[in-house]
J.: 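Input: one structure, supplied below.
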Amino acid sequence: MQDSKWWQHGILYQIYPRSFQDTNNDGIGDLPGIFHRLGYLVDLGIDAVWISPIYPSPMVDFGYDVADFCDVDPIFGSLKEFDRLVAAAHARKLRVILDFVPNHTSNQHSWFLESLASRRSSRRDWYIWGEPRPGGGPPNNWLSHFGGSAWEWDPGSKQYYYHSFLKEQPDLNWRNSAVKEGMYDVLRFWLNRGVDGFRVDVIWLLIKDDQFRDNPVNPGYSGGSSHNRLLPLYTSNRPETHQIVAEMRAVIDAYADRVLIGEIYLPVEQLVTYYGTNLNGAHLPFNFQLIEAAWNATGIARIIKEYEAALPQGAWPNWVLGNHDKSRLASRIGEAQARVAAMLLLTLRGTPTIYYGEEINMADVLIPPEQVQDPAEKNEPGLGLGRDPERTPMPWDGSLFAGFTSGKPWLPFGPNHSAQNVAALRDASDSILNLYRHLIAVRRRNDALSNGLIEAISAEGDILRYERHLEEQKIAITLNLGRKTRQVSHSSARILLSTYLDRDNEEVTHYLSLRPAEGIIAEVNA
Ligand code: NOJ
Ligand code: CA
């Protein structure tokens with residue numbers, strides 16, 4: 001049917017592997033767990049999984065501190081189990097995307113240990129080292145995303161090294177061509193094992209100012225993460241970064257049909273520059289605008305229009321509603337509107353990414369202080385920066401350990417997991433899980449939804465509407481973002497799906513009535 005690429009018409013699903021399925025009862029999810037749940041993913045209807053880091057790691061930042069880029073941490077399994085997972089996924093037509101973490105390594109990575117050993121080490125320049133300021137203190141005012149100075153003193157060599165995140169996550173020096181080659185070989189290692197692409201961690205932070213200029217003070221700072229006291233002018237989105245993204249893309253393009261996705265938090269005009277000159281950058285610079293957006297029709301209509309207008313010629317859009325770093329959708333906008341958001345995500349133009357558990361309306365889980373795991377919370381407690389609440393284990397059934405483990409789960413389940421779990425929602429015909437399955441099926445059956453143009457984007461009061469067009473087919477989407485019943489004028493059409501799952505094939509003539517938090521997909525009569 002389509003001649004678009006799989007990563008254009010396909011649906012991505014993010015798995016946080018610690019929390020998906022445990023098989024050896026240590027309370028932590030693992031690769032055999034994902035293998036075990038492939039049937040669930042096929043049934044849901046997604047096309048590709050992106051798995052957050054599985055590499056050997058001291059787990060100070062839960063895998064985003066990589067000690068060896070070319071192996072699997074024993075907590076998650078082995079290379080053999082990884083190969084088995086990829087083969088089984090491919091046999092079921094599911095693609096596998098890995099998380100590539102090029103900005104930094106663990107301080108336990110052999111490269112860093114060698115770099116640390118002496119100023120004369122051949123790997124010294126693989127990391128970013130700076131002299132103390134005259135009179136002492138770090139080279140400049142750069143701040144870590146996880147609080148405090150981004151510079152850590154090494155008493156042995158009397159220099160500081162730079163870390164964008166934890167001091168246990170020293171930044172690689174991407175101005176060094178040996179680093180680049182080493183990391184491109186890492187990409188090839190996994191591409192040769194059959195992975196279908198990468199989600200690249202903090203791709204917009206790879207290059208830092210070579211003159212180490214101070215970041216300017218942020219005049220708009222009004223509390224929250226101390227990192228935001230400064231504007232990251234010299235530590236993020238540097239012009240030289242694009243060359244590296246293009247080089248990564250060239251590595252990927254030597255293999256057929258792979259995808260390069262970049263994690264980027266930037267305003268839309270800057271975000272879209274990561275498609276690269278002549279689209280030689282990331283296939284999909286992740287678009288997180290809906291995560292940050294206030295949930296109202298006018299604002300969201302504006303976001304869609306501005307994003308569509310900003311896309312370079314030929315660039316393929318994408319949309320994300322949640323991830324392992326941000327508060328869960330149901331907690332941000334409520335369970336009822338989360339159904340509307342699901343319809344939005346799966347009917348917008350562009351590749352959708354679903355975060356595991358959104359399909360069962362998982363909410364943020366309150367973590368008692370003594371159970372906090374996330375270093376972001378430990379370093380700056382009480383500011384709401386912790387990410388444990390959105391990383392809790394997937395409840396598969398109503399049993400004591402929710403079918404996730406028989407051990408002690410590494411993070412607690414939500415309070416209502418005995419009712420709100422995959423098995424229970426699978427059986428409830430009007431559940432959000434079944435809404436996701438129907439939405440995905442409708443999207444798959446109607447090319448206009450995956451490949452068509454988006455037109456007539458508008459907002460009026462609580463109602464957000466747009467149409468998807470492909471050849472003769474026209475599909476109208478009408479979403480009620482409010483709590484009241486609304487009536488809108490509508491072309492004559494046939495309903496394909498309501499978020500309430502009870503209006504299939506209803507004919508619409510002149511008017512459409514929407515219940516609170518109801519969304520409707522309707523095929524306009526020719
Ligand atoms: C972004 C990742 O999504 C986040 O979880 C991690 O802590 C930082 N990058 C550092 O790798
Ligand atoms: Ca396990």
Side-chain angles (χ1 to χ4, degrees), residues 14-37 50-55 57-67 69 72-78 81 85 97-107 109 144-147 150 162-172 198-206 225 227 232 235-236 261-266 286 288 291 320 322-327 353 355-356 373-380 385-391 393-394 396 401 403-411:
Q14 180 189 356
I15 291 179
Y16 195 69
R18 293 182 73 86
S19 291
F20 201 58
Q21 176 68 61
D22 179 22
T23 55
N24 63 349
N25 300 323
D26 60 357
I28 301 174
D30 42 51
L31 292 180
I34 301 175
F35 178 88
H36 177 68
R37 294 295 182 184
W50 146 37
I51 310 175
S52 284
I54 52 166
Y55 316 107
S57 163
M59 303 287 168
V60 188
D61 191 19
F62 296 104
Y64 285 95
D65 47 325
V66 179
F69 289 106
V72 171
D73 194 285
I75 284 185
F76 296 123
S78 62
E81 277 157 336
L85 174 62
I97 296 169
L98 281 185
D99 210 312
F100 180 53
V101 191
N103 180 67
H104 43 270
T105 69
S106 160
N107 62 345
H109 196 294
S144 155
H145 285 257
F146 289 149
Y162 178 75
H163 55 92
S164 298
F165 295 92
L166 300 171
K167 65 180 184 335
E168 293 86 356
Q169 293 168 296
D171 280 40
L172 283 164
F198 300 94
R199 171 270 189 189
V200 184
D201 193 62
V202 297
I203 202 168
W204 87 110
L205 302 184
L206 288 176
S225 169
H227 180 259
T235 44
S236 82
I261 304 171
E263 185 206 19
I264 301 158
Y265 286 92
L266 284 174
F286 259 151
F288 297 126
I291 297 185
V320 185
N323 63 37
H324 63 294
D325 294 327
K326 300 289 173 182
S327 179
T353 302
Y355 183 45
Y356 88 94
Q373 306 276 344
D374 184 17
E377 177 68 23
K378 288 182 179 167
N379 284 3
E380 298 194 280
L385 304 176
R387 301 164 298 174
D388 294 331
E390 61 264 23
R391 296 176 174 181
M394 181 88 160
W396 293 98
F401 295 114
F404 167 72
T405 182
S406 355
K408 185 177 182 308
W410 77 288
L411 281 174

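Whatever order the structure lists them in is the order used to number ligands and atoms, beginning at 1.
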J.: Please identify which atoms of ligand 1 are closer than 4.0 Å to at least one heavy atom of His104.
T.: 10 (C), 11 (O)

J.: Does Lys326 have a heavy atom less than 4.0 Å from any atom of ligand 1?
T.: no

J.: Decide yes or no for Tyr64 and Val202: does some side-chain heavy atom of the first lie under 4.5 Å from some side-chain heavy atom of the second?
T.: no

J.: Closest heavy-atom contact between Gly403 and Trp396?
T.: O-CD1, 3.8 Å

J.: Check each atom of ligand 1 against the heavy atoms of Glu263 and keep those under 4.0 Å away; list them by number with element.
T.: 1 (C), 3 (O)

J.: Taking 4.0 angstrom as the limit, do Asp325 and Arg391 come out as a salt bridge?
T.: yes

J.: Provide the number and element of each atom of ligand 1 under 4.0 Å from a heavy atom of Val202.
T.: 1 (C), 9 (N)

J.: Could you tell me, atom by atom, which parts of ligand 1 come under 4.0 Å of a heavy atom of Arg387?
T.: 4 (C), 5 (O), 6 (C), 7 (O)

J.: Looking only at protein heavy atoms, which one is nearest to atom 8 (C) of ligand 1, and how far off is it?
T.: Phe165 CE2, 3.8 Å

J.: Using side-chain heavy atoms (C-beta onward) and a distance below 4.5 Å, is Glu81 in contact with Asp30?
T.: no

J.: For the pair His145 and His227, name the ring-plane relationship: parallel under 30°, tilted 30 to 60°, perpendicular over 60°.
T.: parallel

J.: Looking at Arg391, which atoms of ligand 1 are within less than 4.0 Å of one of its heavy atoms?
T.: 5 (O)

J.: With a 6.0 Å cut-off on the ring centroids, do His163 and Phe146 count as close?
T.: no

J.: Could you tell me whether any N, O or S atom belonging to Ile75 is less than 3.0 Å from the Ca ion (ligand 2)?
T.: no

J.: Which of the atoms of ligand 1 are close to Phe146, meaning less than 4.0 Å from one of its heavy atoms?
T.: 7 (O)

J.: Taking the side chain as every heavy atom from C-beta outward, state whether Thr353 and Asn323 have any pair of such atoms under 4.5 Å apart.
T.: no

J.: Using a cut-off of strictly less than 3.0 Å, determine whether Asn25 has an N/O/S atom near the Ca ion (ligand 2).
T.: no

J.: OD2 (Asp30) to the Ca ion (ligand 2) to OD1 (Asp22): angle, nearest 10 degrees?
T.: 80°

J.: Sequence neighbours excluded, which residues qualify as salt bridge (Lys or Arg N to Asp or Glu O under 4.0 Å) partners of Glu263?
T.: Arg199

J.: Got the closest protein heavy atom to atom 5 (O) of ligand 1, with its distance?
T.: Asp325 OD1, 2.7 Å

J.: Taking the Ca ion (ligand 2) as the vertex, how big is the angle to OD1 in Asp26 and OD1 in Asn24, rounded to 10°?
T.: 80°

J.: Is the closest basic N to carboxylate O distance between Arg18 and Asp73 below 4.0 Å?
T.: no

J.: Residue-level breakdown please: for His163 versus ligand 1, do any non-hydrogen atoms fall below 4.0 Å on the side chain, on the backbone, on both, or on neither?
T.: neither

J.: Do the rings of Trp410 and Phe62 sit parallel, tilted or perpendicular, given the 30° and 60° boundaries?
T.: tilted

J.: Give the residue and atom name of whichever protein heavy atom lies nearest to atom 7 (O) of ligand 1, and the separation in Å to one decimal.
T.: Asp61 OD2, 2.6 Å

J.: Could you identify the single nearest non-hydrogen protein atom to atom 1 (C) of ligand 1 and state the distance to 0.1 Å?
T.: Asp201 OD1, 2.9 Å

J.: Determine, using heavy atoms of His145 and all atoms of ligand 1, whether some pair is separated by less than 4.0 Å.
T.: no

J.: Strictly by modelled atom types, are Gln169 and Ser164 linked by a side-chain donor-acceptor pair under 3.5 Å?
T.: no

